[in-house]
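The basis for the numbers below is simple: all heavy atoms, side chains too, and nothing from hydrogens, waters or symmetry mates. In what follows, chains carry the letters A, B, and so on, assigned in the order in which the sequence lines appear, proteins first and then strands, with residues in each chain numbered from 1.
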2 protein chains.
Amino acid sequence: MRNSSFNNVPESIVGRLASYHRCLKNAASNGQTVIKSSDISKLCGIKATVVRKDLTHFGEFGIKGKGYNITTLSSNIEEIMGLNTEKRVILIGAGNLGTALLKYPGFSGANFKFLAAFDIREEIIGTSINSVPILHIDKLGAFLKSNEVQIAILTVPSQEAETIASQLHNCSIKGILNFTSAILKSDDGKFYIRNIDLSKELEVISFCMKKCLKNKEEK
Amino acid sequence: MRNSSFNNVPESIVGRLASYHRCLKNAASNGQTVIKSSDISKLCGIKATVVRKDLTHFGEFGIKGKGYNITTLSSNIEEIMGLNTEKRVILIGAGNLGTALLKYPGFSGANFKFLAAFDIREEIIGTSINSVPILHIDKLGAFLKSNEVQIAILTVPSQEAETIASQLHNCSIKGILNFTSAILKSDDGKFYIRNIDLSKELEVISFCMKKCLKNKEEK
DNA sequence: TAGATTGTTAATCGATTAACAATC
DNA sequence: TAGATTGTTAATCGATTAACAATC
């Protein structure tokens, strides 16, 4: 691999790498051993030149005239993306969305290990969801002191997001997956914050639909 | 408004419009009536020049030397994005994520009206979640024939996505919000498909975290 | 060797930034 | 009028595309 730090990789490339990775896993489970950029292109809906250019960003993984060895490419992508190291995760806010995420099968593929979930509702404290214990939010600070946690997932009401996020400083947490519509800023650059705003997605589809309907009428 | 069709608006702008909209709503609820691009910038984490440029894409909404009238700008964005028209929606797959979405408060802001949810598990057929009735998936075709539905939300297992999507042709549906990791393609351009892949988000945060940790070590 | 497919280079395209003129 | 902030223009930057040389 050309370079093991990859500090300036645009997020657009990272997102596509994840797509390639899934596509390779699928191809492998079908017994395929080699794949061409044009195949990846069809399966992922991304142009073959983009696929090749993205990959060369990290090294030369292909065999000219043949394509890519699926096992090799797959494990390279896993190393690039850090999918082969376990990440210890807590979830804050075990409501509907939080529960759905605790039960979400996709987390295992990213090597996420849930240590605990936090909530305020007394009736669920002490229970567990998908083997993840639910603790009272009051225990958060102490928990973070005695456990090395890398990622926090925020599924609390939006108006609580800021307060909760402020409690995540000065501990081992390096990434926040923010599902609230509050825009959290990592003022000091200590965190990587990824905002996933479902309401925004809804508004975007609302606009794009409008456009589609209009195009239709014009025809 | 300069132009009422807006056919070639990049998705990046649309996503930001949604952020501006939320920010305006918040400012309005604080009793503010006018807002400057630099304020929007701070609240949304988007540069003021970008804010202004995005808005001029659709018209001139500001008052030089003053800023933007919140009510006017807000309703203009609502019109641009189609937030002021009701969209009839069905949800397919009332599992954990589906249930969370049916209970998600953000849908009302986008003027989404859920007509029904579909599933295969007999034990929940006939019940309802948040007043939305759960019907058997066998009833989907008939339902679409007798109801005008604009959007389908897919929260079925990924391997079912393709099959379900194929049942959505030849009806009124124009938009699909795909929460499965299957990559659905709108081969004929009849649909607008928005893929929201949570696993991908996890892998992206996994990479970005790795980068953050490394930067930290280097310091 | 011939065929195929990668990886690279150069050209195009679009988005972001910076500077400033217009104007409330 | 002076001060402030928008909207526009031009410059920069980065991402995508297309063509093709390298090579398995």
Engineer: Surrounding CD of B:E162 (heavy atoms of other residues, nucleotides or ligands, distance under 6.0 Å), is the total greater than 12?
Structural biologist: no

Engineer: Atom CZ of B:F58 and atom P of D:dT8: how far apart are they, to the nearest Å?
Structural biologist: 14 Å

Engineer: Starting from P on C:dG7, measure out to NZ on A:K47 and report it in whole angstrom.
Structural biologist: 20 Å

Engineer: When you measure from the side chain of B:T56, which nucleotide among D:dA15, C:dT8, D:dG7 comes out closest?
Structural biologist: D:dG7

Engineer: For D:dT6, does either OP1 or OP2 sit under 4.0 Å from a side-chain N or O belonging to B:S37?
Structural biologist: yes

Engineer: Using modelled atom types and a 3.5 Å cut-off, is there a donor and acceptor pairing between side-chain atoms of A:N111 and backbone atoms of A:L83?
Structural biologist: yes

Engineer: Does a nitrogen or oxygen in the side chain of B:K66 sit under 4.0 Å from OP1 or OP2 of D:dT5?
Structural biologist: no

Engineer: Take atom CD of A:E11 and atom P of D:dA15, then tell me their distance rounded to the nearest Å.
Structural biologist: 12 Å

Engineer: Please walk me through it: do A:R16 and A:C44 pass side chain to side chain contact (heavy atoms under 4.5 Å, CB included)?
Structural biologist: CA-CA 9 Å; A:R16 289 194 298 256; A:C44 296; over 6 Å; no

Engineer: From NE2 of B:H57 over to C1' of C:dA15, roughly how many Å is that when rounded to an integer?
Structural biologist: 10 Å

Engineer: Is a donor on one side and an acceptor on the other found under 3.5 Å between the side chain of A:K87 and the backbone of A:T85?
Structural biologist: yes

Engineer: Over how many whole Å does the gap from B:D54 atom CG to C:dT17 atom C1' extend?
Structural biologist: 13 Å

Engineer: Quick check on DNA chain C: between A:I35 and B:R52, whose nearest nucleotide comes earlier from the 5' end?
Structural biologist: A:I35

Engineer: Let me know the distance between NZ of A:K64 and C1' of C:dT5, rounded to the nearest Å.
Structural biologist: 9 Å

Engineer: Nearest whole Å is fine: how far is C:dT23 P from B:F61 CZ?
Structural biologist: 18 Å

Engineer: Considering Watson-Crick and G-U wobble pairs with both distances under 3.5 Å, what does C:dT16 pair with?
Structural biologist: D:dA11

Engineer: Whole angstroms only, please: what is the CG-C1' distance between B:N76 and D:dT6?
Structural biologist: 16 Å

Engineer: Need one value for B:K53: base, sugar-phosphate or nothing, where a base atom within 4.0 Å counts as base even if backbone is also close, heavy atoms only.
Structural biologist: base

Engineer: Under 4.0 Å between a side-chain N or O of A:Y68 and OP1 or OP2 of C:dG7?
Structural biologist: yes

Engineer: Does C:dC24 pair with anything, Watson-Crick or G-U wobble, both distances under 3.5 Å, and if so, with which nucleotide?
Structural biologist: D:dG3

Engineer: For A:I63 and A:V50, find the nucleotide of DNA chain D closest to each by heavy atoms; which residue's nucleotide sits nearer the 5' end?
Structural biologist: A:V50

Engineer: Answer whether the closest heavy-atom distance between the side chains of A:D197 and B:R22 falls below 4.5 Å.
Structural biologist: yes

